[in-house]
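Keep in mind it's a predicted model, so treat the numbers as computed, not measured.
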Amino acid sequence: MDYRDRHIVVTGGTGALGTAMVAALIEAGAVCHVPYVDAAEADRFAFRNHAKVELVAGTDLTQEAAIAKLYRGVPKLWASIHLAGGFAMAPLARPPRRI
């Protein structure tokens, strides 16, 4: 699919799944707007210097004002992909007993 010059917000874009999504989108020609809070995540982000990626610093996705500011800064928003969230590997807890 041709996403040339389509502006797409990718929340969680600096994570593992997000990075894969951003890679696919920029390969298809999209411009990705990737919000982040933690500077260390941005520093590790593989596409931090890519011409088709705009990192948006200090975007707390739990704050409505921060979200509004993020979207106001995106020219011609075409899509928004939400991959933000926490994930950590851990053993599965013992299932609850049936009563």
Side-chain angles (χ1 to χ4, degrees):
M1 188 166 237
D2 183 7
Y3 289 167
R4 191 172 344 165
D5 299 321
R6 306 269 191 184
H7 288 259
I8 301 172
V9 170
V10 182
T11 65
T14 59
L17 179 58
T19 298
M21 176 61 69
V22 169
L25 290 168
I26 60 178
E27 185 175 317
V31 176
C32 294
H33 302 263
V34 180
Y36 70 93
V37 175
D38 184 358
E41 287 182 1
D43 290 343
R44 288 189 304 265
F45 184 52
F47 301 107
R48 68 184 171 279
N49 295 317
H50 195 284
K52 294 277 189 176
V53 173
E54 181 179 328
L55 285 169
V56 184
T59 308
D60 182 348
L61 299 176
T62 66
Q63 300 299 313
E64 185 177 355
I67 302 281
K69 182 179 176 184
L70 167 66
Y71 284 96
R72 276 194 307 270
V74 178
K76 298 181 188 177
L77 177 66
W78 187 76
S80 187
I81 299 171
H82 302 283
L83 303 172
F87 174 79
M89 286 297 267
L92 190 59
R94 187 173 68 214
R97 293 177 54 195
R98 289 187 172 226
I99 299 177

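Residue V37 is found outside any hydrophobic cluster, as its side-chain heavy atoms come under 4.5 Å of no other Ile, Leu, Val, Met, Phe, Trp or Tyr.
The distance from atom OG1 of T11 to atom CG of L83, rounded to the nearest 0.5 Å, is 6.0 Å.
The ring-ring contact (aromatic ring centres under 6.0 Å, His included) analysis of residues 9-45, with sequence neighbours excluded, yields the pairs H7-H33, F45-F47. Sorted by first and then second residue, the salt bridge (Lys or Arg N to Asp or Glu O under 4.0 Å) pairs with a member in residues 44-54 read D5-K52; sequence neighbours excluded. Sorted by first and then second residue, the side chain to side chain donor-acceptor pair (under 3.5 Å) pairs involving residues 14-30 (not counting sequence neighbours) are T14-E41.
Hydrophobic clustering of Ile, Leu, Val, Met, Phe, Trp and Tyr side chains at less than 4.5 Å, counting indirect connections, keeps M1 apart from L77. Both W78 and I26 belong to a single network of hydrophobic side chains, linked directly or stepwise wherever heavy atoms of I, L, V, M, F, W or Y lie under 4.5 Å apart. Under a hydrophobic-cluster definition in which Ile, Leu, Val, Met, Phe, Trp and Tyr are linked whenever side-chain heavy atoms come within less than 4.5 Å, directly or via other members, V53 and M21 are assigned to the same cluster. There is no path of hydrophobic side-chain contacts, each under 4.5 Å, that joins V9 to L17.
Scored by the salt bridge (Lys or Arg N to Asp or Glu O under 4.0 Å) test, R4 finds D2 as partners (sequence neighbours excluded). Residues that satisfy the salt bridge (Lys or Arg N to Asp or Glu O under 4.0 Å) test with D38, not counting sequence neighbours, are absent from this structure.
In terms of heavy-atom proximity, I8 sits nearest to A30 at CD1-CB, 3.8 Å. L25 approaches C32 most closely through the heavy-atom pair CB-SG, 3.7 Å.
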Anything under 3.5 Å between a donor and an acceptor, one on a side chain of residues 58-72, the other on a protein residue two or more places apart or in another chain? List them.
from : atom 1 : to  : atom 2 : distance (Å)
T59  : OG1    : V56 : O      : 3.2
D60  : OD1    : T62 : N      : 3.0
D60  : OD1    : T62 : OG1    : 2.6
D60  : OD2    : T62 : OG1    : 3.3
Y71  : OH     : S80 : OG     : 2.5

